[in-house]
Amino acid sequence: MNKIVGYARVSSREQNLARQLEALSKYVAPDMIVTDKASGKDFNRPGYQSLKIGIGKLCEGDTLYVKSLDRFGRNKEEAKKELQYFASVGVRVKVIDIPSTMVDVAQGQEWIVEMINNILIEVLTSIAENERVTIRQRQAEGIAAMPVNADGKKVSAKTGKATGRPSVPFPDNWGVIYTEWKKGDITAVAAMRELNLSRCTFYRLVKRYEADS
């Protein structure tokens with residue numbers, strides 16, 4: 001007999017599963033609802049893993065209900081892989097908050113289940129890509145809005161500290177070697193060797209030194 005199982009998750013022990021359990025109880029028997037109180041960043045959760053391993057493993061023809069995609073998992077790329085896994089073993093995933101996944105399918109119309117699973121995977125892919133674009137845009141806007149300190153570095157409004165790599169200090173003999181190099185008495189390669197600096201660091205210090213001069 002095919003199993004109908006529900007899955008509910010909250011991120012911490014302080015959070016309440018009641019709302020998810022109430023929604024799932026309309027479709028799933030109470031003793032067939034699996035729960036986790038764990039982060040959604042990955043799928044290494046005891047309750048969830050019981051759906052894939054051991055006596056509670058879901059098999060072809062079984063159905064898994066979840067309240068929403070973020071209860072399934074917050075990492076959209078990982079969630080997509082998990083949905084692909086269930087599709088590959090013939091398990092139907094129904095997301096209560098996505099009506100198109102809740103459609104009942106008559107026997108002999110299994111192709112509709114495959115189509116719905118593919119739609120769900122595409123929805124996740126689209127969400128994941130939109131989130132990546134939004135995150136990159138917000139990061140860029142945040143960096144652009146940061147104030148700049150005297151060294152030309154962006155300063156975090158939250159910590160008051162400069163972002164990026166820490167500034168390399170000038171070597172003790174910087175002034176002497178820099179002057180010799182600028183006068184043409186030594187080459188840049190010789191100056192780097194005397195200062196024990198890489199090419200990139202040497203010219204970065206030159207730029208900073210001349211900007212402050």
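Predicted, not measured: the structure shown is a model, and the values here were computed from it.
- More than 12 heavy atoms of other residues, nucleotides or ligands lie within 6.0 Å of CD in Q15, so this atom counts as buried by the packing criterion.
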Side-chain donor-acceptor pairs under 3.5 Å in residues 188-202, sequence neighbours left out?
unit_1 : atom_1 : unit_2 : atom_2 : d
S198   : OG     : T201   : N      : 3.2
S198   : OG     : T201   : OG1    : 3.0

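- The hydrophobic clustering, which links ILVMFWY residues whose side-chain heavy atoms are closer than 4.5 Å, places V176 and W181 apart.
- Listed by chain and residue number, nothing satisfies the side-chain hydrogen bond (donor to acceptor under 3.5 Å, both in side chains) test with N173 (two or more places apart in sequence, or in another chain).
- The shortest distance between side-chain heavy atoms of K37 and R45 does not fall below 4.5 Å.
- Between L205 and P171, the shortest heavy-atom contact is CD1-CD, 4.1 Å.
- Annotation: cation-pi pair K94/Y27 absent, no NZ/CZ under 6.0 Å from the ring centroid and within 45° of its normal.
- Counting only distance, with no hydrogens or angles, the side chain of K3 and the backbone of K57 share a donor-acceptor pair below 3.5 Å.
- At least one donor-acceptor pair closer than 3.5 Å links the side chain of D36 to the backbone N or O of Y48.
- Between I4 and D62, the closest side-chain pair of non-hydrogen atoms is not below 4.5 Å.
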**Message:** Checking E22 against R19 for the salt bridge (Lys or Arg N to Asp or Glu O under 4.0 Å) test, could you report, in this order, the C-alpha distance in whole Å, the side-chain angles of both residues, the deciding distance, and whether it holds?
**Reply:** CA-CA 5 Å; E22 181 182 359; R19 189 168 63 175; over 6 Å; no
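- Scored by the salt bridge (Lys or Arg N to Asp or Glu O under 4.0 Å) test, D97 finds K67 as partners (sequence neighbours excluded).
- To the nearest 0.5 angstrom, S25 atom OG is 6.0 Å from I33 atom CD1.
- At least one side-chain heavy atom of L51 sits less than 4.5 Å from a side-chain heavy atom of L64.
- The backbone N or O of F43 sits nowhere less than 3.5 Å from a side-chain atom of E78 that would complete a donor-acceptor pair.
- Side chain of R9 to backbone of A38: a donor-acceptor contact under 3.5 angstrom is found.
- Y7 and Q20 form no side-chain donor-acceptor contact under 3.5 Å, judged by distance and modelled atom types alone.
- Between W174 and F170, the angle of the ring planes lies from 30° to 60°, which puts this pair in the tilted group.
- Two residues are said to be in side-chain contact when any heavy atoms from C-beta on lie closer than 4.5 Å; L24 and P30 fail this criterion.
- Distance check, rounded to the nearest 0.5 Å: CG of L58 to CZ of R92 gives 14.0 Å.
- Atom CD1 of I186 has more than 12 heavy atoms from other residues, nucleotides or ligands within 6.0 Å.
- Using a 4.5 Å cut-off on side-chain heavy atoms (C-beta onward), T63 and N2 make no contact.
- Side chains of T35 and L21 form a contact here, defined as non-hydrogen atoms less than 4.5 Å apart.
- Considering only heavy atoms from C-beta on, L83 stays 4.5 Å or farther from K80 through its side chain.
- Ion pairing between K182 and E210 holds under the 4.0 Å rule for side-chain N and carboxylate O.
- Interatomic distance, OG of S88 versus CD of E60, reported as 10.5 Å (0.5 Å rounding).
- Using a 4.5 Å heavy-atom threshold, the side chains of V34 and S50 count as touching.
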